[in-house]
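Note that the coordinates shown come from a computational prediction; the quantities given were computed from them, not determined experimentally. Below, read A as the first sequence line, B as the second, and so on, with proteins coming before strands; counting in each chain starts at 1.
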2 protein chains.
Amino acid sequence: MARDEFELESFLPYRLNRAAEFVALRFAAQYRARYQLTRPEWRTLAALGSSGRSMTATEIGAHSTMHKTKVSRAVFSLEQRRWLKREEDGRDRRFEHLALTPAGEQAYKELTELASRYQAELLSMLGTEDMKALSTGLRGVERVMTKAAVRG
Amino acid sequence: MARDEFELESFLPYRLNRAAEFVALRFAAQYRARYQLTRPEWRTLAALGSSGRSMTATEIGAHSTMHKTKVSRAVFSLEQRRWLKREEDGRDRRFEHLALTPAGEQAYKELTELASRYQAELLSMLGTEDMKALSTGLRGVERVMTKAAVRG
DNA sequence: GTATATTGGTTGCAATCGTAACTATTGATT
DNA sequence: AATCAATAGTTACGATTGCAACCAATATAC
C-alpha cells in the first residue's frame, strides 16, 4: 500500500470539476441572460427536447442526474411558462408524462442553436486533438458510470 | 451558419458535468463520512496542503475556483477545528496568511491517502488508455481556462 | 496631505438546494 | 379484500449558496 506524493493538480475529481464548472458557467451565462433560464430548467428542457418524446420526471432525473426535487421544481416553472404540459397516465395515475408544447419546442430549437455554436467555439479553442481525447476519456467515465447507481 | 442536429449526449458541458459529478460525489461520500468535511473545506485543506506553504484566502479561491464567500466560510470552520491558523501580514494588514497546523497537516496526509487510493481505483476502472485520453483532454481545457477569468 | 479608488476579507439576506417526511396510487402478501 | 410495501411526485424545513453591501487597509490622484 505504498503511495507516492499526492498532487492535487493531477487529482481527477479536482481537474474534472474545474473543467466542468468553467465550461458550464460560460454557457449558463448565455441562456440565463437571454432566456432567464436556470440550470435545472435548461437541463430539463434539453432532456425532453433531445429525447423527442414525452418523459416522466423520474426519467428526466435519471437521464440528467438531477435530484427529483430539482426536477420537480424545474418542471413546475417550465409549466408556468407554457413550455411543457403534463398528461397523466391512464393506466397508472402516479406517472405524469411531460412533453414540450410548441412554444417549448421553439425555445428548445433556439437554445440548441446556441448550444451548437458554443460547442463549435469550444472545439475551436481546444483543437481537434484535445477534443477527441477528452471525448474518449469521457466515454470511459460514462462507461464506468453505468455500472454504478448515481444521483445528483 | 449551418448547423446539424443537436445531440445532448455529445454536448460537452453536459458530459463534463455528469462525469465530474459522478467522480466527485463518490469521493465526497468518503471524506464526509470519515471526517465530517464539506466540499469547500476539503478543497481548502487540499489547496493549502498541496501548496506546502501559507496562502491567502484569495489565492485559495483562485486556485480552486471557489467563490470568496465559500472560502471565507471554509477557512472559518477549519480554523474552529484547529486545522489551520491565520497570521496577519506585517506590511499589509489586509492579508491573512493561512497555514495548516500540525493537526491540519496530519488530516491532510490522511485525506491524501484516501485520495490516492481513490485515484488508483478510478484508474483501474477507466483503464490506462482512457485515463490518458481524459488527462490530455483536461489539459487542453486547463490551457483554455488560463486565457479567461473564472470564478466559482 | 486629503480625497478617491482598489483590494482582502466578512456578513446580511434572499434564493437555491437536498433530506426527510408526506400524499397518492399501484403492487405484493396473506 | 385488507394490509403492507413500493413507487411517482410534491413540499416543509434546515442548510448551503452567492450577490451585494459592507468594513478595513493600502494605493493612487490631485
Exercise for review: Looking at every strand, decide which applies to Arg86(B) at a 4.0 Å heavy-atom threshold: base, sugar-phosphate, or nothing.
Suggested key: sugar-phosphate
Point to revise | For atom CG of Asp92(A) and atom C1' of dG27(C), their distance in whole Å | key: 10 Å
Review point. In whole Å, what is the span from the CD atom of Glu96(A) to the C1' atom of dT10(D)?
Key: 9 Å
Revision key, fill the gap. When rounded to whole Å, the CG to P distance for the pair Asp89(B) and dT7(C) reads 17 Å
Exercise for review: Compare all side-chain heavy atoms of Arg15(B) with those of Leu134(A) and state whether any distance is below 4.5 angstrom.
Suggested key: no
Exercise for review: Look at Thr58(A) and dG9(D) and indicate whether a side-chain polar atom (N or O) is within less than 4.0 Å of OP1 or OP2.
Suggested key: yes
Review point. Would you say dT17(D) has OP1 or OP2 under 4.0 Å from some side-chain N or O of His67(B)?
Key: no
Practice item. Assess the pair Tyr108(B) and Trp83(B): is the distance between their ring centroids shorter than 6.0 Å? Key: no
Exercise for review: Give the rounded distance in Å between these two atoms: CZ of Arg43(B) and P of dT16(D).
Suggested key: 16 Å
Exercise for review: Starting from C1' on dA15(C), measure out to CZ on Arg32(A) and report it in whole angstrom.
Suggested key: 13 Å
Practice item. Compare side-chain N and O positions of Lys70(B) against OP1 and OP2 of dT16(D) and report whether any pair is under 4.0 Å apart. Key: no
Point to revise | Between dG9(D) (P) and Arg93(A) (CZ): distance, integer Å | key: 14 Å
Exercise for review: Please determine if a side-chain N or O atom of Ser72(B) lies less than 4.0 Å away from the OP1 or OP2 oxygen of dT10(C).
Suggested key: yes
Check your understanding: Given that Lys68(A) and Gly90(A) both sit by DNA chain C, which one's nearest nucleotide is further toward the 5' end?
Key -> Lys68(A)
Check your understanding: Could you go step by step and tell me if Phe27(A) and Trp42(A) meet the ring pair (Phe, Tyr, Trp, His ring centres under 6.0 Å) rule?
Key -> CA-CA 11 Å; Phe27(A) 185 55; Trp42(A) 151 245; 5.6 Å; yes
Review point. Got a salt bridge between Glu21(B) and Arg26(B), using NZ or NE/NH1/NH2 to carboxylate O under 4.0 Å?
Key: no
Exercise for review: Return yes if the base of dG18(D) and the side-chain atoms of Arg73(B) contain a donor-acceptor N/O pair under 3.5 Å, otherwise no.
Suggested key: yes
Review point. How long is the line joining CE of Met66(A) and C1' of dT10(D), in whole Å?
Key: 16 Å
Practice item. Remember a base hit wins even if backbone is also touched, and classify Thr56(B) as base, sugar-phosphate or nothing at under 4.0 Å, heavy atoms. Key: sugar-phosphate
**Study point:** From dG8(C), dG18(C), dT7(D), nucleotide with atom closest to Arg94(A) side chain
**Key:** dT7(D)
Review point. Does Glu96(B) come within less than 4.0 Å of Lys85(B), counting only side-chain N to carboxylate O?
Key: no
Check your understanding: Rounded to whole angstrom units, what separation is found between the CD atom of Glu88(B) and the P atom of dA24(D)?
Key -> 14 Å
Check your understanding: Reckon Arg39(B) touches a base, only the sugar-phosphate, or nothing at all at heavy-atom distances under 4.0 Å?
Key -> nothing
